[in-house]
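Note sheet for the following structure.
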Amino acid sequence: MSKKDKKIEIQITDSKVKVGSDEFDGYTLSIGKKAIGEIAEFDGQFAIIKNGNVDAFYKKLEKAVENLIETYNLSK
């Protein structure tokens, strides 16, 4: 028997992301109603934010989103 693939809707919304005591323009990534991560934009680079601190930098938004989804799937 094969398992059916479930379709999961992932949303990226514009938001203000808090890094330390500063706020930057960025994005919130959510699956359903659960927010799975935040991405802030710094000088043309995209940073993944975890617990108010920068975790990693990426040159493209797509790579940052891909990393957040991968981390979310591995932690389930």
Side-chain angles (χ1 to χ4, degrees):
M1 283 178 103
S2 65
K3 231 180 183 181
K4 287 188 178 181
D5 290 335
K6 291 183 182 178
K7 294 190 180 199
I8 299 171
E9 185 175 320
I10 298 172
Q11 296 179 333
I12 299 175
T13 54
D14 292 335
S15 65
K16 292 285 185 183
V17 179
K18 192 168 186 176
V19 181
S21 60
D22 300 324
E23 277 195 3
F24 295 94
D25 290 330
Y27 307 94
T28 299
L29 189 69
S30 57
I31 294 178
K33 293 182 181 179
K34 182 178 181 181
I36 64 167
E38 294 180 315
I39 301 171
E41 190 172 350
F42 298 110
D43 302 323
Q45 289 189 339
F46 299 94
I48 293 178
I49 309 301
K50 290 187 181 175
N51 300 324
N53 297 316
V54 175
D55 187 55
F57 281 101
Y58 294 93
K59 290 182 181 179
K60 294 185 178 182
L61 178 61
E62 291 82 14
K63 290 289 184 185
V65 169
E66 184 179 305
N67 182 277
L68 277 175
I69 294 169
E70 185 176 297
T71 302
Y72 173 75
N73 284 333
L74 290 174
S75 67
K76 277 185 86 177

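Since we're looking at a predicted model, the values are computed, not measured.
Residues Lys18 and Asp22 have side chains not in contact (no heavy-atom distance under 4.5 Å, counting atoms from C-beta outward).
Taking the six-membered ring for Trp and the full ring otherwise, the centers of Phe24 and Phe42 sit less than 6.0 Å from each other.
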For this session: Would you check, one step at a time, whether the test side chain to side chain contact (heavy atoms under 4.5 Å, CB included) holds for Lys63 with Val65?
Result: CA-CA 5 Å; Lys63 290 289 184 185; Val65 169; over 6 Å; no
For this session: Go through the steps for Asp55 and Ile49 under the test side chain to side chain contact (heavy atoms under 4.5 Å, CB included), then give the verdict.
Result: CA-CA 6 Å; Asp55 187 55; Ile49 309 301; over 6 Å; no
Exercise. Passes side chain to side chain contact (heavy atoms under 4.5 Å, CB included), Ile10 versus Ile69? Steps please.
Worked result: CA-CA 9 Å; Ile10 298 172; Ile69 294 169; 3.5 Å; yes
For this session: Check the pair Asn53 / Val19 against side chain to side chain contact (heavy atoms under 4.5 Å, CB included), numbers first and verdict last.
Result: CA-CA 6 Å; Asn53 297 316; Val19 181; 5.9 Å; no
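The shortest non-hydrogen separation linking Glu23 to Lys16 is OE1-CB, 3.6 Å. A pairwise comparison of heavy atoms in Gly26 and Val17 identifies CA-CG2, 3.8 Å as the closest pair. Listed here is the closest heavy atom pair of Ala35 and Ser30: CA-CB, 3.9 Å.
Thr13 and Thr28 are not linked by any side-chain donor-acceptor pair at a separation below 3.5 angstrom, with hydrogens and angles left out of the test.
The distance from the CD atom of Glu62 to the CD1 atom of Ile12 is 8.5 Å, given to the nearest 0.5 Å. Here the CG-CG distance, from Asn67 to Leu29, works out to 10.5 Å after rounding to the nearest 0.5 Å. The CD atom of Glu41 lies 4.0 Å from the CZ atom of Phe46; values are rounded to the nearest 0.5 Å. In this structure, CG in Leu68 is found 9.5 Å from CD in Glu38, a value given to the nearest 0.5 Å. The structure places CD1 of Ile36 at 8.5 Å from OG1 of Thr71, a figure rounded to the nearest 0.5 Å.
A chain of hydrophobic side-chain contacts below 4.5 Å, direct or via other Ile, Leu, Val, Met, Phe, Trp or Tyr residues, connects Tyr27 to Tyr58.
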